[in-house]
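Working notes, structure below.
When reading the values below, keep in mind they use all heavy atoms of this one structure, side chains included, and skip hydrogens, waters and symmetry mates. Please read these numbers as outputs of a predicted model, since none were measured by experiment.
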Amino acid sequence: MNTAAEEPSDTADRSDEGSAREPGRADDSGEAGRSARGATYEGNRQRVSGGGAGFMGTARDVHFHMLPDEADNEVVDPRFREGPYPAEEVEKRLRGFVEPPSHAACRRVLGRRVLLLRGGGGTGTGTAAFALLRERFGAGGLIGLDPGLDLTRWSPSAPRGYLLQGLSSDAAAALSETALLALTELLGQTGGALVVVVGNGQALPGDTATWQVPHVPPTAYDVAKGHLLSMAQEGRLPGHMLSMALTHLDEPRFADYVGPVQLPVAGVDVAEELREVAIGERSVADAVENLRTGGDKAVQETLTRLRASAEGLAFVAAVALLEHQDRTVIRQYANGLRDHITERAVQRGAVPPPVPDTSPQWDLLGCSFEDRLTEIRAKLLSRRVVRTNSTRYWSQPVVFQGRHQAEFLLRRLWWDYDGMSEGIWSALRDMPYQLGIDLAAGRAIGVVLCHATGPKWLQPLYEFASSDDRWRRRLAAYALGEVAQNPDLSGAVRAQLRDWSRLRDVNMRCTVAETCAGSFGLSRPNAALDLLHAILQGSDEELKPRLRSAVTFALNVLLTEESNRPAVLGRLTEWLTEPVGSLRRVYAVHAITALSPTASAGPFRPTALRLHLAELIAAQEEGLLPLVTAALENPASHPAMAEALTVVGSSPDSRQRVCLAELLAALSDASNGRRGVVTFLLSRYRARTAAAISEGTRP
């Protein structure tokens, strides 16, 4: 499904906030509805900076590509969901799955409908839970539950496999034998089953022991072998190369990385390295070195070696924060961070103020970029062409050799060394926008914040979340989305977003909407719709262009998954019936106006919500009839909906016309007392009658 074109830049938003009139806005009256089409064209100058294009990529990720001065809107796949898991997502998660030794015991306990699966982080406990439920209910039969859910008040609704990853302490304390027996009975009645993933440190009542199974992870060697075989099945590794990779796996130099003390994730890393060796991307020695440099010990060695060099520390922090970004972006950020580190060192008295060097042998060049990369065990990837809507250019990304080196380095710098986190934020604040830094820095900071302690651990995001610059708000949104993928922290993120959604600050509300337009929204669509509902609290004067843009972006992301369509349509219907002059009603009118084929004169329809009425009618989408009825009853949205229905009626697609006839029949049955619906049906009948008379046929 095509998704929405995104909004104009924030610069345009700020310049237009006082003067731009929006479709159907005015006073939400009949006059506003009659002038909606003209208002849509108002201010449309076909400016190149006034729009963007959205499309579905060949992979699952959604990419909203923006113009160079805009944030890059990549929608990250969620790893954790509250609601149904798409079948392809489950299959991807279980790619190369190796059955752990504890699987047989888990099957026996799950036969009684409820399993409490204990395991530590990085041991594959969640993956094993997915495999158990897929085995019983298929890849399309899994439903995720809210980690904050009180299981004593929950009841299953379908014969599905339910997965709860993480328990709050209150929910764990309430999970007694009596509660588990009640759950077993309810699940037996519906034909479902429940797996609860419990951390090793989580306390549970003693009478739940018969439902508990400790997860025994497979060895890293078995995981590596399983992933190599999976790569061969997928065509990523030809057969003769598979034999080579398996031979290397049995060599002594890889023994330390797939030994019995290693976690399963180490096996995944080894498999990826061996694939690169087999296809000729790198040597065996390089693969071994990459595995070594990704560890925490190697990270500490790097920091110890660079601790006296502001330039070295700034450079390693820049690569850790912005890994996979272009070399020029890394260099620009490192230069800014170096100044912050030097200034702070001078203030602390750690180093004397710099003095001019009067030596006749000045080093005017310094170290080359490649030498600096070698010092921190990083490298340049091959050049590639980046295309935007208006230009294209070469990009050469920078990455660390170790697979987890960036995460370990940034975490150590951020939490173990005073002043480094403040310097990283300050350098970001001073950094002019470069395409992609909001995504790279946001996700990296989100991973770091998952290890934060203290009650105000989300406070560092406040400054960026309240910024006038959209890319800074997007950075905060990416960080929040990353943190929310941790089941233990998702409740805290939701509470923070709920608080921000009630603020008067339009930028904070925009950040909440931007967070909903990502992995957070896709993993929790109902919670995201509730947050958008709260964001649109107020009168129509508060509908700033940037807020309208952010809400539209969030709804369009939700619409990329068909399972979310009924909920989105239902929420728009609810907003259309709000009191006249309310912000929600005005926004819903704007969204319905976008259904009209003449709502915009160009291929880019700024802020349009891509509902595609013809597609919804052909799919006989649940919730479409109430939306059409409410739109026809609202004087401001009536013209747009009437015109959109008329265009579908003249479509050459016979299925669309048949489905429209069924919709119109349902409208006729529900027209009693609905003046707007009756007006549309009568006008349609008169138009058809006039056309039939002119052609000399019966209407």
Side-chain angles (χ1 to χ4, degrees), residues 2-12 47-77 276 281 315 317-337 368-370 372-373 378-401 403 406 427-428 430-446 469-475 477-479 481-482 514 517-519 549 553 556-557 560 603-604 606:
N2 290 336
T3 49
E6 191 32 65
E7 284 293 316
S9 66
D10 272 340
T11 304
R47 292 174 299 180
V48 177
S49 62
F55 62 91
M56 289 290 288
T58 55
R60 169 58 187 80
D61 285 350
V62 183
H63 302 269
F64 289 79
H65 285 287
M66 302 304 299
L67 298 171
D69 60 342
E70 273 294 308
D72 180 53
N73 299 317
E74 180 177 342
V75 181
V76 182
D77 254 351
E276 300 294 325
E281 291 276 329
F315 194 64
V319 179
L321 181 70
L322 301 174
E323 193 178 25
H324 293 285
Q325 294 302 294
D326 182 68
R327 57 185 295 168
T328 58
V329 177
I330 299 289
R331 183 171 57 199
Q332 183 179 10
Y333 180 78
N335 291 339
L337 180 56
S368 69
F369 193 83
E370 288 76 8
R372 296 165 71 188
L373 288 177
K379 63 181 180 179
L380 287 166
L381 297 182
S382 301
R383 293 201 308 167
R384 59 185 177 89
V385 174
V386 175
R387 294 176 176 87
T388 67
N389 289 342
S390 61
T391 186
R392 65 183 60 185
Y393 57 91
W394 284 107
S395 175
Q396 193 166 20
V398 179
V399 298
F400 282 112
Q401 293 178 353
R403 293 189 175 272
L428 267 178
D430 299 340
M431 178 89 167
Y433 178 68
Q434 301 287 344
L435 189 66
I437 65 172
D438 51 339
L439 173 63
R443 296 190 70 182
I445 290 173
D469 297 323
R470 183 174 181 272
W471 77 266
R472 300 180 197 276
R473 300 196 300 268
R474 284 294 288 164
L475 187 151
Y478 278 124
E482 191 69 28
E514 297 277 10
S519 58
S549 169
F553 182 33
N556 277 318
V557 169
T560 60
F604 301 125

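For the residue pair Ile445 and Ala479, the shortest heavy atom distance occurs at CG2-CB, 4.5 Å. Taking all atoms of both residues into account, the shortest heavy-atom contact from Ser519 to Gly481 is OG-O, 3.5 Å. Shown here for Leu435 and Gln325, the closest heavy-atom pair between the two residues is O-OE1, 3.4 Å. Here the closest heavy-atom approach between residue Ala427 and residue Gly336 is recorded as CB-C, 4.2 Å. What you find for Ile437 and Pro432 is that their closest heavy atoms are CD1-O, 4.1 Å. Among all heavy-atom pairs drawn from Ala406 and Ala320, the shortest one is O-CB, 3.7 Å.
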Checking Arg474 against Glu74 for the salt bridge (Lys or Arg N to Asp or Glu O under 4.0 Å) test, could you report, in this order, the C-alpha distance in whole Å, the side-chain angles of both residues, the deciding distance, and whether it holds? CA-CA 10 Å; Arg474 284 294 288 164; Glu74 180 177 342; over 6 Å; no
Assess the residue pair Asp326 and Val386 against the criterion (side chain to side chain contact (heavy atoms under 4.5 Å, CB included)); give the C-alpha distance rounded to whole Å, side-chain angles, the decisive distance to 0.1 Å, and a yes or no. CA-CA 10 Å; Asp326 182 68; Val386 175; over 6 Å; no
Please step through side chain to side chain contact (heavy atoms under 4.5 Å, CB included) for the pair Val399 and Lys379, ending with a clear verdict. CA-CA 6 Å; Val399 298; Lys379 63 181 180 179; 3.8 Å; yes
Under the side chain to side chain contact (heavy atoms under 4.5 Å, CB included) criterion, do Val398 and Leu381 qualify, and how do the steps go? CA-CA 6 Å; Val398 179; Leu381 297 182; over 6 Å; no
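Residues that satisfy the side chain to side chain donor-acceptor pair (under 3.5 Å) test with Ser368, not counting sequence neighbours, are Asp371. The side chain to side chain contact (heavy atoms under 4.5 Å, CB included) search around Ala318 returns Ile330, Tyr333, Ala334, not counting sequence neighbours. Residues forming a side chain to side chain donor-acceptor pair (under 3.5 Å) with Arg443 (at least two apart in sequence, or on another chain): Glu482. Scanning for side chain to side chain contact (heavy atoms under 4.5 Å, CB included) contacts around Asn335 gives Arg331, Arg338, with sequence neighbours left out. For Glu276, the side chain to side chain contact (heavy atoms under 4.5 Å, CB included) test picks out Ile279, Glu281, Arg282, Arg403, with sequence neighbours left out. The ring-ring contact (aromatic ring centres under 6.0 Å, His included) check on Phe369 picks up Phe315, with sequence neighbours excluded.
With values rounded to the nearest 0.5 angstrom, Arg470 atom CZ is found 14.0 Å from Arg472 atom CZ. Atom CG of residue Leu321 and atom CE of residue Met431 lie 9.5 Å apart, to the nearest 0.5 angstrom. Of the inter-residue distances, the one linking Arg383 atom CZ with Gln396 atom CD reads 7.0 Å to the nearest 0.5 angstrom. How far CG of Asp438 is from OH of Tyr478: 5.5 Å, rounded to the nearest 0.5 Å. Atom OG of residue Ser395 and atom NE2 of residue His324 lie 11.5 Å apart, to the nearest 0.5 angstrom.
Looking only at atom types and distance, the side chain of Gln332 has a donor-acceptor partner in the side chain of Gln434 under 3.5 Å away.
Within the 4.5 Å cutoff, no side-chain heavy atoms of Tyr393 are placed close to those of Val385. Considering only heavy atoms from C-beta on, Val75 stays 4.5 Å or farther from Thr560 through its side chain.
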